[in-house]
Protein chains: 2
Amino acid sequence: MVSIKDIAKRCGVSTATVSKALNGQPDIGEETRERILHLADELGYMANATARALKTNRSYNIGVLFVDPMHGGLAHEFFSTVLDGIRSEAEKHGYDITFINRNVGSRQTSYLQHCRYRGVDGVVIASADFNDPMVTELVQSDLPVVTIDHIFNNRISVMSDNMQGMEELVRYAASKGHRKIAIIHGELTGVTRNRLTGFHRACEEFGITVPEEWIREGVFHDPASCRRITKELLAMPERPTCIFFPDDYSWIGGMNAIRDAGLKVPRDISAVGYDGIPLSRIMSPVLTTWRQDTEKLGTIAADRLIEQIEHPRTVILDREIVTGSLQEGGTVGEI
Amino acid sequence: MVSIKDIAKRCGVSTATVSKALNGQPDIGEETRERILHLADELGYMANATARALKTNRSYNIGVLFVDPMHGGLAHEFFSTVLDGIRSEAEKHGYDITFINRNVGSRQTSYLQHCRYRGVDGVVIASADFNDPMVTELVQSDLPVVTIDHIFNNRISVMSDNMQGMEELVRYAASKGHRKIAIIHGELTGVTRNRLTGFHRACEEFGITVPEEWIREGVFHDPASCRRITKELLAMPERPTCIFFPDDYSWIGGMNAIRDAGLKVPRDISAVGYDGIPLSRIMSPVLTTWRQDTEKLGTIAADRLIEQIEHPRTVILDREIVTGSLQEGGTVGEI
DNA sequence: ATGTATCACTTAAACGATTACGCGAAGGAG
DNA sequence: CTCCTTCGCGTAATCGTTTAAGTGATACAT
C-alpha cells in the first residue's frame, strides 16, 4: 500500500508537507501542492482511515443500535427503510456506519464499550429495549446520540408523527361521513399511546364517542389476532362503519375476517390502516393509510447526529417530528 | 479513555507486559497477569480497535457490498435477511461489518479504494451490478472475497439452489397430476437462467412439454406485469392447469388476474411461487413456494469469508449451495 | 542597515497498541 | 564453579497519519 511516506520520498518533501497538501492546508506552495496531488493520484494513493482516526480521534463512523425487540421478523420492513435513510445520509457526509452489538472479539461487553472499542463518533438508536440498563448507559455517556421514536432527557430525538397521523386519519374518515369508528391498536408502547391520543383528540373534535368495546388491543404485524378481533367487532349488535388497523399486515387479517363475513370493502364496511408500506399498495383493495416517511426518519436522524458531531457547541436539543402523509386507497366509502 | 499506558503505570510494568498479559501471551508470570487483568477490569479498560488495526493490519471489519440494482424498493426483503445472516455470523466471530460504497470523505472513489481506506479484512458481495468494472476490480484484488449468487473465477461463492428448487417444484406439481404447466420468470439474470434450467430438466423427467407461449418473461417483484401476463395466459384457447410465478409479489398480481377471470385457486387453476417470504404465509390462499434460506445464505457467506481471512493458505475454492425447502400452501390442487 | 512579517517548508512528537529482540536472574547440568 | 536454559519482563521500533512549533529565506517597511 502506498502511503504518505512514499509520496514524500518521491517528491523530495517531508510527510508533513504531503499531509498538508492532501488536506488542503494553506501553508503549501501552489506548485508543490500540484506535484504532490498529481503523484498521489498517479500512485493510487488512498488515505488510511485507521491511522487518521488514531491520530485525530475521529473515525467518521457512526454506530447504529438496532435491537429487534420481537427478534427478527416483520419489523424489519420498518427498520430496513430507516437504515437505508441513515446509511445514505451518512454516506453523503463521508461517514460509514457500524452496527453496535455486545461483542468485541470473543468477549461480551456493553453497547457503550463496543462504541469505545470502535471509536464511533456518535450513535443513532434506531430501536432498542429502552429499559435495558445498557441502553441507559449509552444514552448517558458523553457520545453524541440521536434516538428514533423515543425521547430521552437531554438527547435529540426524531419522532414520527403518530399523533398527527391518527388525527388526520380520523378527520378523513369523518369527512366521508363516518361517525361509528372502531380501532384496533398495537401493544401499548409509547408509539401506540401517541396514536391513541391523536385518535381520541380528533374524535372529540367531531363529537364522536367511541364505545369501550370498540377500542381493542391487537398485536402489531399479526394478521391472526386482528382477524379474530375484527370478527368479534363485526359480530356485535351495533357494528362500526369504519375500522382502524394498526398496520398493513394486521389489515390482511382484518380483510380476511371481513371477507369471511361475506362483506365487501368499502361498500359494507370501511377500513384505514397505518404505515402504508409498498406492500399495501399492490394488494386489492388498496388500503387507505397514513404513510410514515421512514426513510426520512433515518436521514434526519443521521443528519442531526452528524451536526452534533461536527458542531458540538451549537447543538440545540430538539425533537424533530417527521410528518407522513395520507395515502388514499380504496377502503373508505362515503356514508 | 484509559489505555494500556495507564494500566502499565499503575501496575509498575511496561506497556509491553500489559499488552502481552491482555492478549494471553505465554511469557508473563501468573501473578503479574492476574494483577494486570484485575486492574484493567477495575479501570474499565477497553482496547482501541483503531490502534490495534493500525499496528496489526487487521481490522476485524468485513465489508458488505450491496448495490440494489432496482434502486431501493422491494428487493430489500431478500437483502435484509441476507444482511442479518452476515451480521449475526460476523458478530459471533468478533467482526463488525461496514457497507462498501463509493465515498470517502467528500470524494468519489471505487469500491476497492473504499475498502482500502477502511482497511476491511474481506468483502461479501451480496448484490451488485456484475458488469460494473469497479466490481471486477474488487473481485480481482488481493482482498478475500465471497460472492452470493454469482460465480467469479477463483472466488468462493455461496449460491442458493435455484436449479434444484425449481426441479422440486415441478416434481411437486407433477405429483399432483399437473402436466400443463406455464411459467412466468423474472429478468434473464444468472438466477433466472438456473431456475429455467431446473424447470426444463424436471419437465423432461416427467415427459412434460411446455409450449413456447407458456414461457413468459415478467419482472421480479412486479405484480402489474405478472397480472397482465397471467391474464393473457388465462385467455389462451389451451389453458395451463398450473402457473409458476417468479416470487411472492408477482403472485399478488397473478392472484388478482385469476380473480378477475372469475376463477378459484386451487379449484380452477393452481399456482406455485418462489422465495416464500413471511408475507406469503399470511395471505390467503397461502402460496405453495420454494423457500430460500436467505439468512443461511448470509451466515455461510460470512463464515466462508472469515475462514478465508483467518486461514489464507488452507482455503479451498468452493461453491457452496444453500438448499431451501418446499413450503406447502394451498394453491396446488389435485388433478 | 535593521527589524519584522510572511511564506513554504521541516522536525519531531504523538495517537494506542504490538512485537522482535535483549537482558538479568534463577535453576539445573556437568 | 561454570555453562546453558528457561522464565519473566523491559526496550524500542513501528504502523500511517496529523499538527504544534520551529526554521530559513525572502520581502518589505522604517
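By convention in this document, chain letters (A, B, ...) are assigned in the order of the sequence lines, proteins followed by strands, and residues within each chain are numbered from 1.
Closest to the Thr17(A) side chain, of the nucleotides dT19(C), dT18(D), dT10(C), is dT10(C). The listed nucleotides are dT17(D), dT19(C), dA8(C); the one nearest the side chain of Asp27(A) is dA8(C). Checking dT11(C), dC15(D), dC9(D) against the side-chain heavy atoms of Thr32(B) singles out dC9(D) as nearest. Here the side chain of Ala16(A) is nearest to one of dT19(D), dA17(C), dG10(D), namely dT19(D). You'll find that the side chain of Lys5(A) is closest to dC15(D), out of dT10(C), dT19(C), dC15(D). Nearest nucleotide to the Ser14(B) side chain, out of dT19(D), dT10(C), dT11(D): dT11(D).
Ile148(A) pairs with exactly one of Leu65(A), Val64(A), Val82(A) by the side-chain contact (heavy atoms from CB on, under 4.5 Å) rule, that one being Val82(A).
Using bins of under 30°, 30° to 60° and over 60° for the plane-to-plane angle, the ring pair Phe99(A)/Phe99(B) lands in the perpendicular bin.
For Asp161(B) and Thr323(B), the side-chain atoms include no donor-acceptor pair closer than 3.5 Å. Side-chain atoms of His114(A) and Asp96(B) form a donor-acceptor pair, as typed in the model, at a separation below 3.5 Å.
For Lys20(A) and dT17(D), a side-chain-to-base donor-acceptor distance below 3.5 Å is absent, hydrogens and geometry of angles not being considered.
The shortest distance between the side-chain N/O atoms of Ser3(A) and the OP1/OP2 oxygens of dC15(D) is not below 4.0 Å. When the side-chain nitrogen and oxygen atoms of Arg52(B) are compared with OP1 and OP2 of dT18(C), one or more of them lie within a distance under 4.0 Å. An OP1 or OP2 oxygen of dC15(C) is reached within less than 4.0 angstrom by no side-chain nitrogen or oxygen of Asn57(A). OP1 or OP2 of dT18(C) sits under 4.0 Å from a side-chain N or O of Asn23(B). Distances shorter than 4.0 Å separate none of the side-chain N or O atoms of Tyr117(A) from OP1 or OP2 on dA17(C).
The nearest heavy atom of DNA chain C to Thr15(A) and to Arg35(A) marks one nucleotide each, and the one closer to the 5' end goes with Arg35(A).
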